[in-house]
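Here is how names work: the chains are called A, B, and so on, in the same order as the sequence lines, proteins then strands, and each is numbered from 1.
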Amino acid sequence: MITKKFTNGRGFTFYMSADHLSDQEQVRHNKIATFRQQGVEPYGDKYDVSHYSREIITKPDALDGKTVRLSGRIMTKRGHGKAGFAHIQDSEGQIQIYLREDRLGEKDYMLYKELDVGDIIGVTGEIFTTKKGEITVNVSSFSLLSKSLRPLPEKWHGLRDVELRYRQRYLDLMVNPEVRKVFIARSKIIQKMRTFLTDRGFLEVETPVMHTLAGGANARPFITHHNTLDMELYLRIATELHLKRLVVGGMDKVFELGRIFRNEGISTNHNPEFTTVEVYQANADYEDMMVLTEEMVASLAKEVLGTLTIEYQGKSLDFTPPWPRRDMQDVVKEVTGIDFDSIVDDVAARKIAREKNLELMPGLSRGEILFAFFEEFCEDKLSGPIFIKNYPVEVSPLARRNRRDPRFTDRFEAFMAGREIANAFTELNDPIDQRGRFEQQVSRRVSGDDEAHMMDEDFITALEYGMPPTGGLGIGVDRLIMILTDSPSIRDVILFPTMRPKE
RNA sequence: GGGCCAUUAGCUCAGGCGGCAGAGCACCUGACUUUUAAUCAGGGUGUCCCAGGUUCGAGUCCUGGAUGGCUCACCA
């Protein structure tokens, strides 16, 4: 290690070295040693804080001339010989501080001059307003609370590199203030969601994350292993089947807000672990779930954003209930000109799919093809919010059949900005029909569809004891938060999105 | 998984046709007691993502790989 020693005019000794540390890191490491030599602890004790920055900025008149104590991270620093300005940032924002040598004394002022952007300090001083009109703390004393050993990202551009932003979210939060706003909004949305439901008499419950059988959705699970039991366990892909067991047990109104896991692709709309809320209400049906959905989303928008009309990526969305309700078959007819009501069998449906150049797995049924038409040609055109209802039975293995037309189920999905946000139905409570649906799923599984459901005998057994007529709703919480915070990527609303490790 | 693009200083980015590695901020040295992207004078601090190849010579061209972004497929 090549080391070069030099001393600056203020008695601080530095060693520049040629090892793995950058020059800026080396300087900061050396300062720690020098501070300790001078009796200054670089990782100080807790600082009694009287105010946060925002309280001071928002009511300067009441605090003018008053002494305040606050702590924060140095974000900018400007020296002027025997005086200096800096901005410190706390959880509420930034405030300017002013330090003078004739106030602090030579020793402390010299210590201040050695502080770096990124260091966390506690300051005590009086509030005043500078010539240029900025509310500022005239510091009478300060102490170093935590020495930062690495330089912060650039003050003007912030941290732009998306890879670094996700991998080192703490830096993103430090230097990109709008990021903090998104996650504060996320926290509020989830909190309001919880109180919205509990206020309406729903009971929050926790069901297993590790399943012996991953059900309730069409998705590939993550597999893990329990050593003592020596068995495979799956991380849950949905909370649905356990929540319905609770309804069988007499818990009439339940919900679970939590993380689920799907072993599938990653994209701007998909993270392997994500958050859903599922709600089940006995003596209700999917119409009731529509009302619940629109009321909940409207109340979240109102309470968190203060408005029912928002902009998402330049498009306007109005959450004022009631939202439009459209039949899937009607929407497909409107967009593609094809009336599935007049297509009576699977063969005719496959023929029309070929005409529209829709490449599908062989042997699909009429309902599956209708659903494919909807997804392919209609879904991304639904700016919403809108409810699409009456889903084919083949793609809805857990939903009750429509009384008048058993080819369909009493199911809807809510769409916003062309994305599915919610999925709900009148729950299938006929155990014999449910067994048939599972059997159909299993046969699809056998023929290669590894996302199809597995037979869940235990769930069937629960239904055989009798489940009351029940409405169920699932909401993709991350996606809803994306809409409400105008975030283009799901990674912008998940603090630590799944990333491949570096190297 | 396929296609396209990106990776250069701590950060944000430029580097035409292959010819000594660049700017701003940050940093270092000095000046400056109400500045605010402070200013002034001086200083470039680097595994050009990695490994090969072509070439007298590669940040630049070729091959392979890594990570990320967008997109298609899959899905919510």
Practice problem: Using the C1' atom on both, measure B:rC49 against B:rA58 and round to a whole Å. | Solution: 16 Å
Exercise. Give a yes/no on whether any side-chain N or O of A:Arg150 is located under 4.0 angstrom from OP1 or OP2 of B:rG10.
Key: no
Quiz item: Which part of the nucleic acid, if any, lies within contact of A:Arg220, taking any heavy atom under 4.0 Å across all strands shown: a base, the sugar-phosphate backbone alone, or nothing?
Solution: nothing
Quiz item: Is a donor-acceptor pair below 3.5 Å formed from side chain A:Arg500 to base B:rU67, judging by atom type as modelled?
Solution: no
Quiz item: Who pairs with A:Thr293 by side chain to side chain donor-acceptor pair (under 3.5 Å), at least two apart in sequence or on another chain?
Solution: none
Self-check item: Near-strand residues of residues 271-280 of chain A, defined as heavy-atom separation under 4.0 angstrom from RNA chain B
Solution: A:Asn271, A:Phe274
Quiz item: Does A:Lys31 make a side-chain N or O approach to OP1 or OP2 of B:rC28 shorter than 4.0 Å?
Solution: yes
Exercise. Summarise how protein sits on nucleotides 36-50 of chain B as a single string, 5' to 3': B when a protein heavy atom is under 4.0 Å from the base, S for sugar-phosphate-only contact, - for no contact.
Key: BBB------B-----
Exercise. List in chain and number order the residues that pass ring pair (Phe, Tyr, Trp, His ring centres under 6.0 Å) with A:His242, two or more places apart in sequence or in another chain; answer none if no residue qualifies.
Key: A:His211
Quiz item: Under the ring pair (Phe, Tyr, Trp, His ring centres under 6.0 Å) test, which residues partner A:Phe142, sequence neighbours left out?
Solution: none
Self-check item: Watson-Crick and G-U pairing of RNA chain B written in dot-bracket, each distance under 3.5 angstrom, with | for inter-strand partners
Solution: (((((((..((((.....[..))))((((((.......))))).)...(((((..]....))))))))))))....
Practice problem: Among residues two or more places apart or on two chains, list those pairs meeting salt bridge (charged side-chain N to carboxylate O under 4.0 Å, His left out) that have a residue in residues 146-155 of chain A. | Solution: A:Glu25-A:Arg150, A:Asp116-A:Lys147, A:Asp119-A:Lys147
Quiz item: Restricting to pairs with a member in residues 369-384 of chain A, which pass salt bridge (charged side-chain N to carboxylate O under 4.0 Å, His left out), not counting sequence neighbours?
Solution: none
Quiz item: So what does A:Leu159 touch, heavy atoms closer than 4.0 Å: a base, only the sugar-phosphate, or nothing?
Solution: sugar-phosphate
Self-check item: Nearest-Å distance once atom P is located in both B:rC61 and B:rG18
Solution: 8 Å
Quiz item: Is A:Asn218 touching bases, backbone alone, or none of the nucleic acid, heavy atoms closer than 4.0 Å?
Solution: sugar-phosphate
Quiz prompt | RNA chain B contacts made by residues 473-496 of chain A, counting heavy atoms under 4.0 Å | solution = A:Arg479, A:Arg491
Exercise. Using the C1' atom as the reference point in each nucleotide, state the distance between B:rU33 and B:rA38 in Å, no decimals.
Key: 14 Å
Quiz item: A:Arg160 side chain N/O closer than 4.0 Å to the phosphate oxygens (OP1, OP2) of B:rC11?
Solution: no
Donor-acceptor contacts, no H, no angles, side chain residues 389-396 of chain A, under 3.5 Å, sequence neighbours left out:
| residue | atom | partner | partner atom | Å |
| --- | --- | --- | --- | --- |
| A:Asn390 | ND2 | A:Asp327 | OD2 | 2.5 |
| A:Tyr391 | OH | A:Glu413 | OE1 | 2.9 |
| A:Glu394 | OE2 | A:Ser365 | OG | 2.8 |
| A:Glu394 | OE2 | A:Gly367 | N | 3.2 |
| A:Ser396 | OG | A:Pro392 | O | 3.0 |
| A:Ser396 | OG | A:Arg411 | NH1 | 2.8 |

Quiz item: Which pairs with one or both residues in residues 166-179 of chain A pass side-chain hydrogen bond (donor to acceptor under 3.5 Å, both in side chains), sequence neighbours excluded?
Solution: A:Glu163-A:Arg167, A:Arg165-A:Asp172, A:Tyr166-A:Asp492, A:Gln168-A:Tyr170, A:Arg169-A:Asp172, A:Asp172-A:Asn176
Quiz prompt | Members of residues 171-178 of chain A that approach RNA chain B, where some heavy atom sits under 4.0 Å away | solution = none
Practice problem: Hey, can you tell me if A:Phe438 and A:His453 have their rings parallel, tilted or perpendicular (30° and 60° cut-offs)? | Solution: tilted
